Amino acid sequence: MTAFVPALAFAAIIGSGLMAGLFFVFSVCVMQALSRLPPEQGIAAMNAINVVIQNPLFLIAFMGTALLGLALIVAAFVGGGQGSYLLAAGGFVYIVGTLMVTIVFNVPLNNALAAAGGQTAVELWQQRYLTDWVWWNHVRTLASIGSLCLFVLGFARN
């Protein structure tokens, strides 16, 4: 397995970089733009984004990076080596800070927004989505950037 570590690490760098960029764009402009729209329009746009983002390319980058991170964690404990613990740390940060945060916090809010209608959706949008969802997206952004940095450092030392 250790022979594949450089290739796994390189792929993890690409995946975490893609995710960091995606979450960063939502943090610095997309959500701010949607919050300036009338609530019904912002909600409709966000619901549309949440549907179209569930596509094979996104899932390969998002879930594939988590699988790569898991493989790098296993490789660190199997083979060790210079840089392997940085790669494992990158995998851990990605899995916990990006994947798990998405599953536990962002996706339930996405589902609640999609299921809500009328005034309930507007209240959810204004009281929780534009605060809680955005805050957890900032966490995902920082976690993706952190995992990217750890993957790069670990790759450089392998």
Side-chain angles (χ1 to χ4, degrees), residues 1-35 42 45-114 124-125 127-158:
M1 179 175 213
T2 57
F4 295 107
V5 168
L8 296 173
F10 184 76
I13 289 168
I14 301 300
S16 60
L18 288 169
M19 292 296 91
L22 174 72
F23 296 137
F24 178 77
V25 167
F26 270 85
S27 283
V28 302
C29 66
V30 171
M31 294 310 294
Q32 290 178 36
L34 295 181
S35 73
M46 193 67 206
N47 282 334
I49 290 168
N50 287 332
V51 169
V52 300
I53 201 164
Q54 295 180 43
N55 66 67
L57 288 176
F58 170 78
L59 292 173
I60 288 168
F62 181 66
M63 297 301 291
T65 304
L67 291 173
L68 291 165
L70 183 60
L72 290 167
I73 291 169
V74 170
F77 288 101
V78 169
Q82 188 178 22
S84 66
Y85 296 113
L86 289 167
L87 295 172
F92 180 80
V93 169
Y94 186 87
I95 290 167
V96 172
T98 303
L99 178 68
M100 295 309 296
V101 164
T102 299
I103 291 168
V104 173
F105 299 106
N106 294 92
V107 168
L109 283 168
N110 291 347
N111 293 341
L113 188 66
L124 175 64
W125 178 253
Q127 295 171 7
R128 293 203 50 225
Y129 208 90
L130 292 176
T131 55
D132 297 351
W133 190 96
V134 170
W135 193 87
W136 287 111
N137 190 70
H138 295 334
V139 171
R140 297 188 302 180
T141 302
L142 293 173
S144 296
I145 293 168
S147 65
L148 172 62
C149 292
L150 289 163
F151 289 143
V152 167
L153 291 171
F155 181 80
R157 293 190 181 170
N158 254 348

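This is a predicted model, so every value here is computed, not measured. Along the sequence shown, residues are numbered consecutively beginning with 1.
- For the pair V101 and V96, the minimum side-chain heavy-atom distance is 4.5 Å or more.
- Scanning for ring pair (Phe, Tyr, Trp, His ring centres under 6.0 Å) contacts around Y85 gives an empty result, with sequence neighbours left out.
- The CE atom of M46 sits 10.0 Å away from atom CG of L109, with the distance rounded to the nearest 0.5 Å.
- Interatomic distance, I14 CD1 to F151 CZ, rounded to the nearest 0.5 Å: 12.0 Å.
- Considering only residues two or more places apart in sequence or on other chains, R128 meets the side-chain hydrogen bond (donor to acceptor under 3.5 Å, both in side chains) condition with D132.
- Under the 3.5 Å distance criterion, with hydrogens and angles disregarded, a donor-acceptor pair is assigned to the side chains of S144 and T98.
- Listed here is the closest heavy atom pair of A143 and V93: O-CG1, 3.4 Å.
- Among residues two or more places apart in sequence or in another chain, the side chain to side chain contact (heavy atoms under 4.5 Å, CB included) test is passed with L86 by L150, L153, R157.
- Across every non-hydrogen atom of A66 and L99, the tightest pair is CB-CD2, 3.8 Å.
- The distance from atom OG of S147 to atom CZ of F92, rounded to the nearest 0.5 Å, is 12.0 Å.
- Once rounded to the nearest 0.5 Å, the distance linking OG1 of T131 with CE of M31 reads 10.0 Å.
- Closest heavy-atom contact between A75 and V5: CB-CG2, 3.7 Å.
- Residues L124 and A112 share a closest heavy-atom pair of CD2-C, 3.5 Å.
- In this structure, the side chains of V139 and W135 come closer than 4.5 Å at one or more pairs of heavy atoms.
- Screening residues 58-70 for side chain to side chain donor-acceptor pair (under 3.5 Å), with sequence neighbours left out, gives no hits.
- With sequence neighbours excluded, the residues that form a side-chain hydrogen bond (donor to acceptor under 3.5 Å, both in side chains) with S27 are N137, H138, T141.
- Applying the side chain to side chain contact (heavy atoms under 4.5 Å, CB included) test to V51 and every residue at least two apart in sequence or in another chain returns nothing.
- With sequence neighbours left out, the side chain to side chain contact (heavy atoms under 4.5 Å, CB included) criterion links A61 to L18, M19.
- Here L67 contributes atom CG and I60 contributes atom CD1; the two are 11.5 Å apart, rounded to the nearest 0.5 Å.
- Legend: residues meeting side chain to side chain contact (heavy atoms under 4.5 Å, CB included) with V30, ordered by chain and number and at least two apart, are V25, F26, L34, I49.
- Taking F155 as the reference, nothing meets the ring pair (Phe, Tyr, Trp, His ring centres under 6.0 Å) condition, with sequence neighbours excluded.
- For residues 93-112, the ring-ring contact (aromatic ring centres under 6.0 Å, His included) pairs, not counting sequence neighbours, are F105-W136.
- A pairwise comparison of heavy atoms in A12 and L68 identifies N-CD1, 3.6 Å as the closest pair.
- For N110, the side-chain hydrogen bond (donor to acceptor under 3.5 Å, both in side chains) test picks out N50, Y129, W133, with sequence neighbours left out.
- Screening residues 51-74 for ring-ring contact (aromatic ring centres under 6.0 Å, His included), with sequence neighbours left out, gives F58-F62.
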